[in-house]
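What follows is a set of notes on a single structure, which appears directly below.
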Amino acid sequence: MKFPSEPFKIKVVEPIKRTSREERDRLLREAGYNLFHVPAGSVYVDLLTDSGTSAMSDHQWAGMMLGDESYAGSKNYYHFESVVRSIFGYRHVIPTHQGRMAEHLLFSTVVKPGMYVLNNIHFDTTRANVEHQGAEALDLVVKEAYDPHCELPFKGDMDVSRLEETINRVGRERIPLVMVTVTNNSGGGQPVSMENIRRTRALLNRYGIPLVFDACRFAENCFFIKEREAGYKDTPVREIARELFSYGDGCIMSAKKDGLVNIGGFLSLNDDRWAEGITNMLILVEGFPTYGGLAGRDLEAMARGLEEVLDEEYLRFRIGQVRYLGEMLEGGGVPILKPIGGHAVYLNAREFLPLIPQGQFPAQALAVALYREYGIRGVEIGTVMFGKRDPVTGETHYPELELVRLAIPRRVYTNMQITYVAESIADLFTHRDSIGGLVMTYEAPLLRHFTARFEECASIVTK
Ligand SMILES: *Cc1c(COP(=O)(O)O)cnc(C)c1O
């Protein structure tokens, strides 16, 4: 079989609305051609993000009815704590309402101005939280990660020699911790190999620097290790995860990804002094340490989700579904980022729309066309999100890549809906000459992609 069919059946359905092209055209004009301003109820297949969009299982929903909403020492906390300890293996388990709060608590406790945090690639909230402490966030992924055509099995790997050079250059005492993000979200959902993690650990041991994982998609990463790395073919994913985390001193996690929940996160680590500082801060900004900004029922859903995500039937379907979409698109000649990642397929907008100059936002134009023609919502990852304006000259510095990310929510869409997406995009590709560029008419000083507004360019650029 080319790809595995769904390892679940559907018990509850949420109807989705079909809209007409005219309606979507009007909604786009009202939204200033910014898809963040299109109501979700008017989207047919929503691939904006895989974060917090998972479908929970009947077992998780049943667990929500067992929520113990005691302020302190809720029984769901103890269940959650034992599940996290058994998978990740660290002593302290600190719940938070989502991933970025775990980042904020960790960095505000251990990172000081003038310090450096090194990572394969920082996710945007991770970078922002490092910089918020007056420290610098450096990305040290292998250089192939920036080439959309280079196919490596573990394109999320840390460049260990650059890591060593950087430690020697800035000084060990200015590096409170090194992070490894599994899978590497900002680099296309690419996995990190066990071998690379082992080498990273060995290097950090020589300098006495702690290693903390950004574990949002740990199960997807471990499944790739099982599929691709020598020696792991017959190892259960759960054991692969145990080994992976054994090389670290702790982790932060947004459970909105591989926790299979709609809200939740945590921090888990061994160091008693760090845990004490973080817990004190948690009480100040998030809540008592046995609920950390969540209801007891949310902790229960998270505990059950973390167990379910390690089910290999589920993971084979999950990774298989994303790969299926990527392969269908490739079959239709559509340019995508290679290899296909764990949680998303990325359209290469520069190659899809070579006639639209970068100043006219080709990836945004492609995302707009996808919604207008087919009701599919992706997200621009290109000049709108990462283009930086020079504060003096006002000139834009363009990013390397112009991408539209199609992130697949977990257990939400059937393979038929994914087929619809693939066929729609292949169809759009044959009509790509009808897509014109955009002009930006409003931008906020920070994180402009959320609120920017656009208009369509008066004329379509032609050869
Ligand atoms: C989503 C994400 C975060 C932040 O988590 P939130 O739950 O969105 O706050 C951090 N790191 C990575 C790699 C992520 O994907």
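Every number for a ligand or one of its atoms is a count from 1 in the order of the listing.
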Region of M101 that comes within reach of ligand 1 [heavy atoms, distance under 4.0 Å]: neither

Between [Y] and [X], is the closest basic N to carboxylate O distance under 4.0 Å?
| X | Y | result |
| --- | --- | --- |
| K226 | E312 | yes |
| D157 | R199 | no |
| E144 | K155 | no |
| D50 | K256 | no |

Cationic tip of K257 above F123 ring, under 6.0 Å, 45° of axis: yes

Option set N129, D214, T126, criterion heavy-atom distance to atom 13 (C) of ligand 1, minimum: D214

Which atoms of ligand 1 sit under 4.0 Å from any heavy atom of [X]?
| X | value |
| --- | --- |
| T125 | 3 (C), 4 (C), 10 (C) |
| K257 | 1 (C), 2 (C), 3 (C), 5 (O), 14 (C), 15 (O) |
| K256 | 7 (O) |
| T181 | 13 (C) |

[X] to ligand 1: N or O pair under 3.5 Å?
| X | value |
| --- | --- |
| N185 | yes |
| G99 | yes |
| R100 | yes |
| R217 | yes |

Nearest-contact summary for atom 10 (C) of ligand 1 - protein heavy atom, Å: E103 OE2, 3.1 Å

Shortest protein contact, atom 7 (O) of ligand 1 (heavy atom only): S254 OG, 2.7 Å

F218 ring center within less than 6.0 Å of F213 ring center: no

Aromatic centroids of F454 and Y442 separated by under 6.0 Å: no

For M253 against A215, the heavy-atom pair lying closest together: SD-O, 3.3 Å

G265 heavy atom under 4.0 Å from ligand 1: no

Separation between OG of S82 and CZ of R85, rounded to the nearest 0.5 Å: 8.5 Å

